[in-house]
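Structure record follows, encoded as structure tokens.
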Amino acid sequence: MAMREQFDLDPKTTYLNSGTQSICPRSVFDAVLEYQRRYERNPTEGLFSAWPMLWETQIELAKFFVAEPEDLFLRTNVTLALNAFIMGIPLPSDGEILVSHLEYGAIVNICRLRAEQSGLSLRTFHLPAGPCEWESLTPAALAEQIVGELRPETRLLLLSHVMTGNGLVLPIREIARETRKRGILLVVDGAHAPGAVPLRLSELADVDFYAGNLHKWMMGPKGTAFGWVPERHQRALLPTQAGWTTFENPKAFERFGGGAKGRFASRFLITGCHEFASFYGIREMLRFWRMNGEEKIRKRIYELQDFLETEMSRELGWTLLSPPRGPMRGPLLSYELPSTLRLNGYELMDRLRQEHGLQIILSPVGDLWQLRLSPHIYNSEDEIRHAVSILRDFRP
Ligand SMILES: Cc1ncc(COP(=O)(O)O)c(C=O)c1O
């Protein structure tokens, strides 16, 4: 079946904001609904059978991202997984937490809270973020620039794998090699990485903590994300919340799996009464990726992005804020909103949706607005042409 036909799309909406959350394939959404229905028929059985099913889910997820299931835990979003790292890792009571100026605000706030609680300072450094800064920039030069920001007092560095605003992809592996040498903890916010860039966690062994979303580029059920912690940090990471499995595995939870090796995964398991249908839908999501082919899906994402960029450039000529095509460009295309459209950006976003059925996202950057477009495999060239014509003809 053609990719687009595997989705139930709203014929009145042109959805070009998969960067916030993507649309689930029909098979994934149906699987989640079926799990929910089954749970409701007998919630007690549903809860008691949750633990082995979650373990099976972790095994399959680990296989897909080339990791060990014992090193993973599931959360409903990346914000929660990053909270587990940043709030739970022991840090000295002096020094700084370092973040780039392109990090996602909610995650910077986790760093800020941790810094305030631990008497650390929070420092922000500037990353290349505009057309004149991309010139002659290579991944190696970018890594060097970031490593150049590290100081003897840097304790923890938070970086996104793919930046939310402009889609800049960081050479995480190279940066991690240097942070590890210096004994600085590297926490990676992979909100936009799974699905959008090849991700093999076993190749990121120098990264200290990695969190990824499944409800963005992976097209997973809403409310799915994971945390990954290499074995060397598993004993030290303190859970910030306690529950049944914090200290040992009571009998009911032995079926979660993993045995003694899985103690970390058990410790970070969500164990309260909960209906895990969205997590169970992860297996159907992985089946979708296997059936359609990881490479083929990614190729299509970037094909549509190329088409969009060409159309935008020909029809509108707006200033592109994303890196040029190549290894530093992720799945998001961002443009500076021209002065002719300078309504309040949120008002513009609402009007485009209400009057034209076009869903995009606008975010404030200083006193400018940035428009971000992120097509996925369920979009078509026709839709993109239509969206560009709406932007071209829109009058505030
Ligand atoms: C870079 C980045 N980090 C974190 C998040 C937060 O994701 P979630 O709301 O799924 O936790 C986002 C969301 O867009 C993001 O772009």
Side-chain angles (χ1 to χ4, degrees), residues 28-65 67-90 194 201 209-215 218 220-287:
V28 176
F29 192 63
D30 284 350
V32 173
L33 292 181
E34 183 47 36
Y35 283 125
Q36 249 176 348
R37 216 172 274 122
R38 212 193 293 168
Y39 191 98
E40 216 45 47
R41 285 188 204 120
N42 182 345
T44 309
E45 203 274 331
L47 187 61
F48 275 77
S49 60
W51 320 119
M53 280 175 72
L54 288 174
W55 182 243
E56 285 302 313
T57 304
Q58 278 195 208
I59 291 175
E60 284 202 30
L61 190 65
K63 215 178 282 167
F64 189 84
F65 291 118
E68 299 296 328
E70 292 87 357
D71 300 345
L72 294 174
F73 59 84
L74 295 172
R75 287 295 177 269
T76 51
N77 57 49
V78 99
T79 305
L80 288 178
L82 288 161
N83 261 282
F85 303 153
I86 299 165
M87 299 309 290
I89 192 71
L201 291 166
F209 302 95
Y210 192 103
N213 257 337
L214 301 173
H215 54 203
M218 286 296 291
K222 304 297 165 289
T224 50
F226 67 88
W228 174 78
V229 180
E231 203 183 340
R232 67 180 184 281
H233 288 303
Q234 293 178 358
R235 275 178 174 275
L237 187 67
L238 293 171
T240 52
Q241 289 159 331
W244 275 114
T245 52
T246 307
F247 300 104
E248 61 274 319
N249 288 1
K251 282 271 176 259
F253 295 94
E254 280 174 0
R255 294 192 303 155
F256 175 60
K261 196 172 167 233
R263 182 84 271 277
F264 166 78
S266 297
R267 205 145 108 105
F268 280 80
L269 179 66
I270 300 174
T271 58
C273 286
H274 191 85
E275 182 266 281
F276 294 98
S278 58
F279 288 171
Y280 302 150
I282 290 172
R283 291 171 77 180
E284 194 57 40
M285 170 201 82
L286 294 173
R287 211 157 76 87

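All figures in this text were calculated on a predicted structure; none of them were measured in a lab.
- Atom-to-atom distance recorded for Met53:CE and Phe256:CZ is 13.0 Å, nearest 0.5 angstrom.
- Remark: Arg235 pairs with no residue by the salt bridge (Lys or Arg N to Asp or Glu O under 4.0 Å) rule, at least two apart or across chains.
- With rounding to the nearest 0.5 Å, the separation of CZ in Phe226 from CD1 in Ile282 is 9.5 Å.
- Looking at heavy atoms from C-beta onward, Val229 lies in side-chain contact with Leu237 at the 4.5 angstrom threshold.
- Remark: Ile270 CD1 to Phe279 CZ distance equals 4.0 Å, nearest 0.5 Å.
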- Query: What's the verdict on salt bridge (Lys or Arg N to Asp or Glu O under 4.0 Å) for Glu254 and Lys251, showing C-alpha distance, side-chain angles and the deciding distance?
  - Reply: CA-CA 5 Å; Glu254 280 174 0; Lys251 282 271 176 259; 3.4 Å; yes
- Walk me through it: do Trp51 and Glu56 pass the test side-chain contact (heavy atoms from CB on, under 4.5 Å)? CA-CA 9 Å; Trp51 320 119; Glu56 285 302 313; over 6 Å; no
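- In this structure, Arg37 does not pair ionically with Glu40, as no charged nitrogen and carboxylate oxygen lie closer than 4.0 Å.
- Using a 4.5 Å heavy-atom cutoff, the side chains of Phe85 and His233 are not in contact.
- Scored by the side-chain hydrogen bond (donor to acceptor under 3.5 Å, both in side chains) test, Glu248 finds no partners at all (sequence neighbours excluded).
- Distance check, rounded to the nearest 0.5 Å: OH of Tyr210 to CG of Leu82 gives 10.0 Å.
- Atoms CG and OG1, from Leu238 and Thr240 in turn, are 9.0 Å apart once rounded to the nearest 0.5 Å.
- Under the 3.5 Å distance criterion, with hydrogens and angles disregarded, a donor-acceptor pair is assigned to the side chains of Asn249 and Arg263.
- Once rounded to the nearest 0.5 Å, the distance linking CG of Leu61 with CG of Leu201 reads 8.5 Å.
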- When you look at Thr245 and Arg267, which way does the side-chain contact (heavy atoms from CB on, under 4.5 Å) test go after all the steps? CA-CA 5 Å; Thr245 52; Arg267 205 145 108 105; 5.7 Å; no
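- When all heavy atoms are compared, the tightest approach of Gly212 to Pro194 is CA-CG, 3.9 Å.
- With contacts defined as side-chain heavy-atom distances shorter than 4.5 Å, the pair Leu54/Leu269 qualifies.
- When all heavy atoms of Gly220 and Met285 are compared, the closest pair comes out as CA-SD, 3.4 Å.
- A salt bridge links Glu68 to Lys261: at least one charged side-chain nitrogen sits closer than 4.0 Å to a carboxylate oxygen.
- Between Asp71 and Pro230 there is no side-chain heavy-atom pair separated by less than 4.5 Å.
- By the ring pair (Phe, Tyr, Trp, His ring centres under 6.0 Å) test, Tyr39 is found to be paired with no residue, residues two or more places apart in sequence or in another chain being considered.
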